[in-house]
Amino acid sequence: MTRQFKWDSGIGLLGLLLLFVGSYIGLFVAPSERYMGEVQRIMYVHVPCAWNAMLVYMLAFIFAIISLWTHRPKWDAATTAAAEVGIVLNSLLLVQGSIWARATWGVWWDWDVRLTTSLIMLLLFAGVLALRSFVHDASRRATWTAIATIVAFVDVPLVYFCVRWWRSLHQVQSTPDTVAPMMVVPLRINAFAILFIAIWMMTQRARLELDRRRQDQVSEPERLAPIGGSNNA
Amino acid sequence: MNLIGQALTVVRKDLLLEWRGKGRLISVLMFGVVTLLLFSFAVGPDSTLLRAAAGGFLVLALLLSSTLGLSESFRVEQEQRAIEGLLLLPVDPIALYYGKTLSNTLFLMLLAPVLTPVALILYSVQLDLKGLAVLLGLWTLAAAGLSAPGTLYAAMTSRLQSQDVLLPLLLFPLVIPVLMGAVKSITLILTGDPMSQVGSWAALLASFAIIYWSLCGLLFPHAIEEGI
Amino acid sequence: MPDGVIIGGWNYVIAAYSITAAGLLAYAWSLALRRRKFRTQEEG
C-alpha cells in the first residue's frame, strides 16, 4: 500500500525543494523594495500562505458538499484534512501578518481587512474541528463536519465585506506593475511550493482519518467478540 | 398540510410552550438586563463613553442572551425525548426547521421591548419614535440573522455533552457580520447618522439573514436525518 | 532616498521565515507521529 501511494511523497519533496529555491531567491537574489526595504521579503512566504490557505479552505468546502452528497468516508476524510491543513496555513498567515504589522506599522496587531478576516476565518474552521471532535458516531460526524464546513465557508466573503465596511480606512493593495520581475519569481515558486506541501499534508491527514475510521469499524466487532466466542465454545 | 402550515404549527407549539412556562423568557430577559448593567460597570460612570458604546452593548446583550435562548429551544425537545416523537410525525424537516427558526426569531424579538428601554435609561441616550421604530426593524433583522445558523447549530449540539461551550464557539465567529452590522447601524441610530449609512448596514443584515435562512434550511434535513 | 523607507528589518524577515518553517515542520511531525502511533496500535 505504501508503494502504491509514493506519488504524494514525491509531491511533498518537490514542494520542499521549491520552498528552498523560492525562499533563497526571495531572501538573497530579489532586490529590496523601494519603501518597505528588507521587510518586504516576508511577502514571499506570506502571500503564498494566504493564497493556499484560501485554496485549501475552498477545497474543504467542495469536499464537504461531495461528502454530504455521497456519504463516502473518503470525502469526509478529505474535508477534515483540508480544514485542518487550512487551519495550519491560516495560523502561519496570522503570525506572519502580525510580524509584518509590527515591522511596518509598529504594532503587533492592526484591524486591517485581511488580517481581521483571516483571524475570524481561523476561528470559524477551528469551530468545525471542535464540533467534529465531540461527535462519536462516524456517519453523523461526517454529516455534521460537512454541514459546519459549508456554513463556515459561506461566511468568509460576508465577513470580508463586513470588515471592509467596518474599517472605513483600508490600504491600497500592491498592483502588479510596481513589482520587479525578480520579486514575482520567488512569489510564484513559493506559491507552488506551499501548494505541494499542503497537498502532501492533506493526503497524510486524510489517510490517517481513513485508518482511524477503519480501526473503529474493526474494533466494534472485537469488543463484541467474547459473546461470539462463548457461543462457539 | 403544506409546508407553511406545518411550520406555523411548530411555531404555535413553541409559543404555547413558552406561554405555559414563562420561565425561559423571563430568565433570558433577566440575563440580558444583568449584562447591560455589567457593561456599564466595565466602562465606568462616564456618560459620554457609555452613550458612544450603547449600541454595541445592546447588541452584545442580544447576542449573549441569544445563545441561552437557542440552546434552551432544543433542550426542551430533548427532555423526555420529545424530539423523537416530533421526528416521527409526518412533518417535513424543512417545515420543522423554519418553524423553529421563526419561533426563535420571535423569542429574540421579544427581548427588544425590555432591553432597549433599559439600555436607553442606563446609558442616558435620547431616542425619538422614528428612531425607535428603525431600531426595532434592525433588531428584527439581527434576530433573524442570529436565529438561522443558531437554530441549526442548537439542533446539532443539543445532545452533545459540551453544548454550552460548543454553541457559542460555533456561533459567535459565524455571526460577526450580524454583530458588526447591528452594532454599527444601531449606534448610528443612537448617536446620529449624518452620512445616512444605516440603509447599507440594514441591507447587510438582511442579506446575511436571507443567505443563512436559505442555506440552513437546505442543510437542516441532512443534520437530523440520523436523529438528533 | 524617499521618505518613510524602512531600514533594516532583517530580524523580522528571519523571524517570519523561521516561524513558517517551524510551523510546517511541527505539523508534518505531528502527522508522522499520529500515523506511527496508529500503526503501533494496529499491530499491538
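The sequence lines fix the lettering, A, B, ..., with proteins before strands; numbering per chain opens at 1.
In this structure, CD on B/Q197 lies 9.5 Å from CH2 on A/W165, to the nearest 0.5 angstrom.
Across A/V154, A/D137, A/V128, the residue that shares the most heavy-atom pairs under 4.5 angstrom with chain B is A/V154. When the candidates B/L174, B/V175, B/V165, B/L170 are compared by the number of heavy-atom contacts under 4.5 Å with chain A, B/L174 comes out ahead.
Heavy-atom distances place no part of B/L218 under 4.5 Å from chain A, backbone and side chain included. Heavy atoms closer than 4.5 Å to chain A are found nowhere in B/S207, neither backbone nor side chain. Of the atoms belonging to A/V156, not a single heavy atom falls under 4.5 Å from chain B. Only the side chain of B/L215 has a heavy atom closer than 4.5 Å to any heavy atom of chain A. No part of B/L171 comes within reach of chain A, as not one of its non-hydrogen atoms sits under 4.5 angstrom from that chain. Of the two parts of A/A148, the backbone and the side chain both hold a non-hydrogen atom closer than 4.5 Å to a non-hydrogen atom of chain B.
Closest non-hydrogen pair, B/P177 versus A/D155, comes out as CG-OD1, 3.8 Å. Considering every non-hydrogen atom in both B/H222 and A/T143, the closest pair reads O-CG2, 3.5 Å. Closest non-hydrogen pair, A/W166 versus B/W201, comes out as N-CH2, 3.7 Å. The shortest non-hydrogen separation linking A/F134 to B/S162 is CE2-OG, 2.8 Å.
Contacts of residues 133-142 of chain B with chain A at a heavy-atom distance below 4.5 Å are absent; not one residue qualifies.
Considering only heavy atoms from C-beta on, A/W144 comes within 4.5 Å of B/L160 through its side chain. Using a 4.5 Å cut-off on side-chain heavy atoms (C-beta onward), B/F172 and A/L123 make no contact. Contact of the A/L158 side chain with the B/Y212 side chain is registered, since non-hydrogen atoms from C-beta on lie closer than 4.5 Å. At least one side-chain heavy atom of B/L204 sits under 4.5 Å from a side-chain heavy atom of A/C162. Contact annotation: the side chain of B/Y153 approaches that of A/V151 to within less than 4.5 Å [non-hydrogen atoms, C-beta and beyond]. Under the 4.5 Å side-chain criterion, counting only non-hydrogen atoms from C-beta, A/V163 is not in contact with B/I176.
Atom CH2 of A/W109 has more than 12 heavy atoms from other residues, nucleotides or ligands within 6.0 Å.
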